[in-house]
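Since the structure comes first, as structure tokens, the remarks are kept for the end.
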Amino acid sequence: LEQQRWSFFKPTDLERSFGYKNNPIELKTSAELPVFLTGRIDRIDASDNNIFITDYKSGEGPGNGSFANNEDLQMAFYMLAAEKLYPKKTVLGGGYLSLKTRSRKGGIAWSATGNSEISVPKDNLFESWDEVKAAAEKMILQQVEPLYAGNFALAPEKGACDYCELRDICRQRVLAKNVEEVEQHG
């Protein structure tokens with residue numbers, strides 16, 4: 001069924017790495033410092049002139065977070081990477097496919113994909129690729145620039161520590177325990 005819905009797109013790449021030796025993806029901070037993006041895209045589907053990104057999720061998926069509110073950084077990374085990986089094709093957007101529910105949810109798009117199964121939040125729809133690209137770069141740099149300035153404030157979303165790969169070395173739990181102790185002992 002999934003394949004029928006995407007008949008005009010064909011899987012082109014699975015587990016496609018980006019930002020390593022052969023595919024450098026670089027942004028510049030406001031101070032002209034380099035920011036290199038690296039990662040791996042689960043699936044890239046292509047038609048004659050377009051590509052669409054799919055990220056598989058083992059659970060429900062990330063929901064319909066707002067790209068405009070910096071809630072979909074992962075797909076922003078992937079879309080910028082896809083543009084570099086496929087310079088002769090247009091990035092239409094990207095979305096998430098839950099392996100648990102076998103449904104698509106969330107994502108970003110700037111053009112009609114021709115697939116009614118893709119539900120993109122209203123504020124994640126854009127008029128042009130240039131608009132998406134500018135918003136993605138801005139969002140990524142808004143997250144990175146404070147790090148370059150030495151600001152490593154902890155502000156995880158509720159439940160994020162449960163699946164974070166760095167939970168065993170992160171100071172978030174230590175700080176949370178200290179807050180609990182202070183509240184208990186006054």
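On a predicted model such as this, the values are computed, not experimentally measured, just so you know.
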Could you check if a side-chain atom of N49 sits within less than 4.5 angstrom of a side-chain atom of T90, using non-hydrogen atoms only? no
Partner of R43 by side-chain contact (heavy atoms from CB on, under 4.5 Å), out of D55, I53, L14, D13: L14
Is there side-chain contact between R16 and R40, with heavy atoms separated by less than 4.5 Å? no
Donor-acceptor pair, D42 side chain versus Y56 backbone, under 3.5 Å? yes
Pairwise side-chain contact, I140 with L37, heavy-atom cut-off 4.5 Å (strictly under): yes
CG of L92 to CE of M79: how many Å apart, nearest 0.5 Å? 8.5 Å
Does the side chain of I44 reach to within under 4.5 Å of the side chain of Y86, using non-hydrogen atoms? yes
Given V91, L85, I41, T54, the one that forms side-chain contact (heavy atoms from CB on, under 4.5 Å) with Y78: I41
Flag, side chain of S98 to backbone of Y96, donor-acceptor distance under 3.5 Å: no
What's the spacing between F77 CZ and M139 CE if we round to 0.5 Å? 9.0 Å
Give a yes or no on whether the backbone of E83 and the side-chain of K89 come within a donor-acceptor separation of less than 3.5 Å. no
Return each pair, listed once, that meets side chain to side chain donor-acceptor pair (under 3.5 Å) where at least one residue sits in residues 24-35; pairs must be two or more places apart or across chains. E26-K28, S30-E145
Rounded to the nearest 0.5 Å, what separation is found between the CG atom of L80 and the CE atom of M75? 12.0 Å
Atom pair CG (D45) and OG1 (T12), whose distance is rounded to the nearest 0.5 Å: 6.5 Å
